[in-house]
Each structure stands twice: as structure tokens, then as C-alpha cells.
J.: 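Structure incoming, see below.
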There are 2 protein chains.
Amino acid sequence: MPKKVDHHARRTRIADALIRVAARQGLEAVSLRLVAAEAGVSTGMVQHYFRDKNSMMAFALRAVAERVQDRLERARPDALPPKESVRGFLMQLLPLDTERAEEGKAALAFQAHAAVHSDVAGAVLPDPAPLRAHIADLIRSARAGRTGQAGRPGAGGKARHAEGPDPYSAAVGLLALAEGLGTQILTRECTPEDAVAALDAQLDTAFG
Amino acid sequence: MPKKVDHHARRTRIADALIRVAARQGLEAVSLRLVAAEAGVSTGMVQHYFRDKNSMMAFALRAVAERVQDRLERARPDALPPKESVRGFLMQLLPLDTERAEEGKAALAFQAHAAVHSDVAGAVLPDPAPLRAHIADLIRSARAGRTGQAGRPGAGGKARHAEGPDPYSAAVGLLALAEGLGTQILTRECTPEDAVAALDAQLDTAFG
DNA sequence: GGTTTTCCGATGCAATTGCAATGCGAGTAC
DNA sequence: GTACTCGCATTGCAATTGCATCGGAAAACC
């Protein structure tokens with residue numbers, strides 16, 4: 001048997017180059033040759049690891065999604081009170097530094113791509129439900145804590161009192177809000193300060 | 001002097017074709033020939049009305065923005081109570097029917113484009129501040145009304161009591177939320193029902 | 001050490017791209 | 001009626017695109 005190479009590593013390296021190009025010049029500028037040049041490899045190698053451009057795009061799409069997911073995992077300080085924990089999550093979704101801005105631009109480009117090519121997106125993108133459920137649980141536990149009951153994030157028990165919106169709707173809203181604020185920051189429709197203020201305001205109401 | 005034609009109408013017709021192509025296949029698929037074919041004209045005519053592809057894209061970018069703006073103007077029922085008025089606005093931003101879904105896909109594609117080519121976007125996109133200010137005023141007037149004072153939407157007076165988040169942050173949040181929910185609907189991350197529920201929940205808290 | 005199988009660089013090709021150049025027809029001003 | 005100018009269709013071209021093909025080189029297994 002011949003040379004043993006880490007296929008996944010090679011593919012990821014190429015996908016990273018693709019993401020960089022997409023973040024800098026948009027998906028329209030993504031071509032086999034340009035991606036290969038950005039990755040510092042030959043176009044032949046790109047062809048070797050991806051049967052065609054579409055599969056390369058699909059892999060990169062998954063790669064951005066995983067990158068975001070990874071950052072969320074890393075920023076999971078379960079020791080903090082629920083509200084601060086959720087705030088930590090959502091802040092990670094805002095493009096507040098150059099690294100996340102680049103990532104956000106790539107993610108935005110891929111969102112547009114996914115909206116049009118829903119077939120590849122559906123097969124590759126992760127299910128957003130678990131994250132929503134986790135945040136909803138944190139909201140529930142925070143409210144339970146405020147009324148004296150011990151919060152049990154995993155139990156999914158229903159709070160009796162309604163001192164705020166339905167936790168699930170609040171979770172969906174918080175995530176969508178972070179995403180919307182993120183794209184508005186990227187398109188300069190919104191300053192980072194206003195975005196953080198709006199997010200904090202929404203956090204305050206969601207947690208009662 | 002020769003034939004007299006409505007330049008703006010021609011350009012708009014071409015831009016509409018571009019938007020249709022972008023909504024169906026994404027901005028990557030936009031080419032002079034395809035847009036011309038979609039518009040039912042020759043590529044020569046497209047070249048006649050747009051010096052190059054970039055200026056055509058810029059014009060189309062402005063066209064989508066104006067289309068959204070027009071729908072918002074049309075859906076401005078000032079007779080309704082403030083909360084319902086704002087709800088009417090925000091609902092128009094959600095892609096709940098096929099027409100708005102198509103428009104939303106095009107808008108999403110252009111957002112990604114604008115995030116990367118901020119120069120053209122900045123020169124062409126409208127200022128989001130007036131809309132935010134209007135919504136913030138509606139929030140203020142609704143709260144004033146609830147404490148017995150007459151609401152004066154244009155006055156911008158500051159409410160003394162804090163029975164909710166800062167109106168400006170609430171307005172920024174509501175608009176960003178609608179945008180985020182809209183893209184999540186388009187990417188199938190979120191059902192329309194969940195989106196409407198999340199939006200209504202947020203409306204309830206914003207208006208106290 | 002030979003074999004074999006994977007890796008991947010190089011080249012070629014048909015299709016498509018944005019755009020320039022050319023030409024002409026039609027309609028208006030005179 | 002004539003001339004002139006704008007409106008636009010056609011054609012051509014260099015560059016780029018995605019992809020197929022070929023060839024060699026390097027490494028693991030016998």
C-alpha cells in the first residue's frame with residue numbers, strides 16, 4: 001500500500017482555504033484554482049480530495065457549521081448562573097473580533113447558498129433543536145431558581161408561573177436575534193455596541 | 001433625436017430579472033447572458049443600460065432594498081394601536097408566502113454580497129435609522145398610553161418608568177429578530193410557526 | 001527488491017465568462 | 001425628405017471556468 005495520508009486533514013485544509021476565500025471575496029469568487037492557490041496546493045490535489053466543486057462546497061459548509069459549534073462548546077461555562085451562560089453563548093455568535101467577523105462573513109455566504117440549495121444544506125447542516133432546547137432549559141431553571149425551586153436544567157420540567165414568554169419561544173428568539181444582529185454588524189447596519197445592548201435587553205426580558 | 005425610452009424602467013426590468021435569477025440559483029449564477037435571457041432581452045441591451053456587471057449588481061441591490069421599503073410603506077396602518085402597527089411591519093419582513101420567500105432569498109444573497117463588498121453596499125443601501133426610530137417611538141407611545149398619558153410618537157420624550165427595555169434597544173432587537181427569523185425560515189432551520197411565536201413573544205415583552 | 005496502490009502534479013479541453021467592437025435600423029428634429 | 005443620433009442586436013475575443021486525462025513518484029507490503 002502506498003503513502004498514508006490523513007484524508008480528513010487534507011480536506012479540512014482545503015476547506016479552510018475555501019472559507020478564507022469566501023470570507024474575503026464571497027462565494028462567487030470560489031474556484032478550484034483560487035482555492036488551491038489559497039491552500040498552497042495544486043489544483044490536481046484539490047481534485048483528488050473532492051470529486052467535484054459541489055462536494056467541496058458541501059464539505060466546507062459543514063466545516064463552518066462545525067467551527068461555530070466548536071466555539072460554542074468551548075465557551076460553555078456551566079459553572080456560571082444560567083443567564084450568564086446563555087449570554088456567553090450568544091456573544092460567541094456575534095462577530096465582535098476580526099476572527100469571528102471573517103467566520104461570520106463566510107457563514108453568511110453559506111446561508112445564502114443553503115437557502116438556494118436546500119438539498120445539500122439539509123444533508124449537511126446540524127440540527128438546531130438541541131441548542132435551542134438547552135437554552136430553553138437554562139431559562140426554565142433560572143426562573144425556577146428565582147422562585148426558590150432548585151433549577152434542574154436537564155429535567156425539562158414546566159414552570160407553573162408565567163413571568164415571561166414561553167421558554168422555547170424565548171430560546172428561538174434569542175438565537176435568531178443573535179444571528180440577525182450578527183449579520184447587521186457585518187453589513188454595517190448596526191454598531192457592535194447597539195447589538196450588544198439589544199442582546200442584553202432581550203436577555204433581561206427572557207430571564208424575567 | 002432618436003427613439004425616446006424610459007431608461008429607468010428598462011433598468012428596473014433587467015434588475016428584476018437579476019433578482020429572480022439570484023433568488024432561484026444564487027448570485028453565483030448571475031451572468032450577463034442568463035440575466036438577459038431571464039429578462040427576455042439581448043445581452044447587448046443589458047450592456048447598453050449597465051456599463052458593467054458591477055453597476056448592474058449595485059442597481060439590483062438598491063432595487064431589492066427599495067422593494068422591501070415599499071412593502072413596509074404600503075403596510076403602514078397608522079390607525080392601528082402601536083403594537084399592532086409594529087407587528088404589521090415585522091410580519092412583512094418574514095418570508096411567509098412564496099413571493100416574500102423569493103424576495104427574501106435574493107435579499108439574503110445580497111446581504112452576503114454587501115458584507116464582502118461593503119463599498120458598493122454603503123453607497124447604495126438606505127439608512128436603517130429612520131425605521132428604528134419610528135418603531136422606538138411607537139414603543140414609547142404605547143407605554144405612555146398604558147400609564148394614562150397621551151402617546152406622542154414624534155416627540156421622542158423619555159418615559160420615566162422602566163417597565164421594559166430601552167425603546168431604542170427594543171426596536172433594534174425587534175428588527176434584527178425579524179431578520180434573523182426570516183433567514184432561519186429560508187434555511188429551514190425554523191418553522192414559520194415557531195418564528196411567528198418567537199416574534200410575538202418578543203413583541204409582548206417590548207411593549208410591556 | 002519488486003510490486004502495487006495510492007497520491008498528486010501537469011496538461012488539455014470544451015464551455016462559459018465579462019466585455020469591446022461593429023453595424024444598422026428606427027425614429028425624431030429640421 | 002434628409003440627416004443624425006440613440007437604441008440595441010450581433011459577433012468576436014481573451015480569460016477563466018470545471019473537469020478529464022495522463023504520467024510519474026513515493027511508500028507500504030510481500
Side-chain angles (χ1 to χ4, degrees), chain A residues 1-22 24-61 63 109-110 112-113 116-117 119-120 124, chain B residues 1-22 24-61 63 109-110 112-113 116-117 119-120 124:
Chain A
M1 282 190 184
K3 243 188 304 199
K4 173 191 154 194
V5 182
D6 186 344
H7 274 226
H8 186 74
R10 286 264 195 267
R11 284 214 256 255
T12 303
R13 178 178 171 190
I14 295 173
D16 282 350
L18 192 158
I19 292 169
R20 251 175 283 136
V21 170
R24 202 185 318 126
Q25 310 175 245
L27 274 189
E28 323 165 37
V30 169
S31 72
L32 294 185
R33 285 174 241 263
L34 188 57
V35 168
E38 174 76 28
V41 301
S42 72
T43 75
M45 178 164 159
V46 174
Q47 284 191 96
H48 184 71
Y49 285 103
F50 295 105
R51 135 176 46 86
D52 56 16
K53 188 185 176 180
N54 275 345
S55 68
M56 179 175 71
M57 297 270 291
F59 188 91
L61 176 52
F110 276 112
H113 187 77
V116 168
H117 302 90
D119 46 341
V120 297
V124 151
Chain B
M1 284 191 179
K3 244 190 297 203
K4 170 191 152 190
V5 283
D6 186 343
H7 276 225
H8 186 74
R10 287 264 195 269
R11 283 215 256 254
T12 303
R13 178 178 173 191
I14 296 173
D16 283 350
L18 192 157
I19 292 170
R20 251 175 283 136
V21 170
R24 202 184 319 126
Q25 309 175 247
L27 275 190
E28 322 165 38
V30 169
S31 72
L32 294 185
R33 284 174 241 263
L34 188 58
V35 168
E38 173 75 27
V41 301
S42 72
T43 75
M45 177 163 161
V46 174
Q47 285 193 91
H48 184 72
Y49 285 103
F50 294 105
R51 138 175 45 88
D52 56 15
K53 187 185 177 182
N54 275 344
S55 67
M56 178 174 71
M57 297 269 290
F59 188 92
L61 175 53
F110 276 111
H113 186 76
V116 169
H117 302 90
D119 46 341
V120 298
V124 152

J.: Mapping B:Leu34 and A:Gly44 to their closest nucleotides on DNA chain C, which lands nearer the 5' end?
T.: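 Closer to the 5' end of DNA chain C: A:Gly44.
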J.: Let me know the distance between NE2 of B:His48 and P of C:dA26, rounded to the nearest Å.
T.: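 My rounded result for the distance is 16 Å.
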J.: Can you tell me how far C1' of C:dA20 sits from CZ of B:Arg33, to the nearest Å?
T.: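 Atom CZ in B:Arg33 sits about 12 Å away from atom C1' in C:dA20.
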J.: Using atom CE of A:Met45 as one end and atom C1' of D:dC19 as the other, report the distance to the nearest whole Å.
T.: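 Value for this atom pair: 18 Å.
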J.: I need the NZ-C1' distance between B:Lys53 and C:dA20, as an integer number of Å.
T.: 17 Å
J.: When we call it a touch if two heavy atoms are under 4.0 Å apart, what does A:Phe50 touch: a base, just sugar-phosphate, or nothing?
T.: nothing
J.: Starting at atom CG of A:Asp52, determine the distance to atom C1' of D:dG18, rounded to an integer number of angstrom.
T.: 9 Å
J.: Look at the side chain of B:Val5 and decide which nucleotide, out of D:dG18, D:dC8, C:dC7, has an atom nearest to it.
T.: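 Out of D:dG18, D:dC8, C:dC7, the nucleotide with an atom closest to B:Val5's side chain is D:dC8.
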J.: Would you give the length of the straight line joining atom CG of B:Leu61 to atom NE2 of B:His113, rounded to the nearest 0.5 angstrom?
T.: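 These two atoms lie 7.0 Å from each other.
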J.: Base, sugar-phosphate, or nothing: which does B:Val30 touch, judged by heavy atoms less than 4.0 Å apart?
T.: sugar-phosphate
J.: Rounded to the nearest 0.5 Å, what's the gap from CZ on A:Arg11 to OG on A:Ser55? Could you check?
T.: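 Reported to 0.5 Å precision, the distance equals 8.0 Å.
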J.: Just to confirm, is there a sub-4.0 Å distance from OP1 or OP2 of D:dG7 to any side-chain nitrogen or oxygen of B:Arg10?
T.: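 No, because none of the side-chain N or O atoms of B:Arg10 sits under 4.0 Å from OP1 or OP2 of D:dG7.
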J.: Across the strands shown, which category fits B:Arg51 at heavy-atom distances under 4.0 angstrom: base, sugar-phosphate, nothing?
T.: nothing
J.: Should A:His7 be listed as having a side-chain N or O under 4.0 Å from OP1 or OP2 of C:dC7?
T.: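 Indeed, a polar side-chain atom of A:His7 lies that close.
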J.: Using whole Å, what does the distance between atom P of nucleotide D:dT17 and atom CD of A:Gln25 come to?
T.: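 Distance, rounded to whole Å: 11 Å.
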J.: Can you see if the side chain of B:Tyr49 gets near the phosphate of D:dC8 - specifically, an N or O under 4.0 Å from OP1 or OP2?
T.: yes
J.: Donor-acceptor pair, B:Asp16 side chain versus B:Ile19 backbone, under 3.5 Å?
T.: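 No, B:Asp16 side chain to B:Ile19 backbone: no donor-acceptor pair under 3.5 Å.
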J.: In whole angstrom, what separates A:Glu28's CD from C:dG18's P?
T.: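 Answer to the nearest Å: 10 Å.
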J.: Among B:Arg13, B:Arg24, B:Arg33, which one satisfies salt bridge (charged side-chain N to carboxylate O under 4.0 Å, His left out) with B:Glu38?
T.: B:Arg24
J.: Test A:Tyr49 against A:Val5 for side-chain contact (heavy atoms from CB on, under 4.5 Å), laying out the working first.
T.: CA-CA 11 Å; A:Tyr49 285 103; A:Val5 182; 3.4 Å; yes
J.: What is the distance, rounded to the nearest whole Å, between atom CE of A:Met56 and atom C1' of D:dT17?
T.: 12 Å
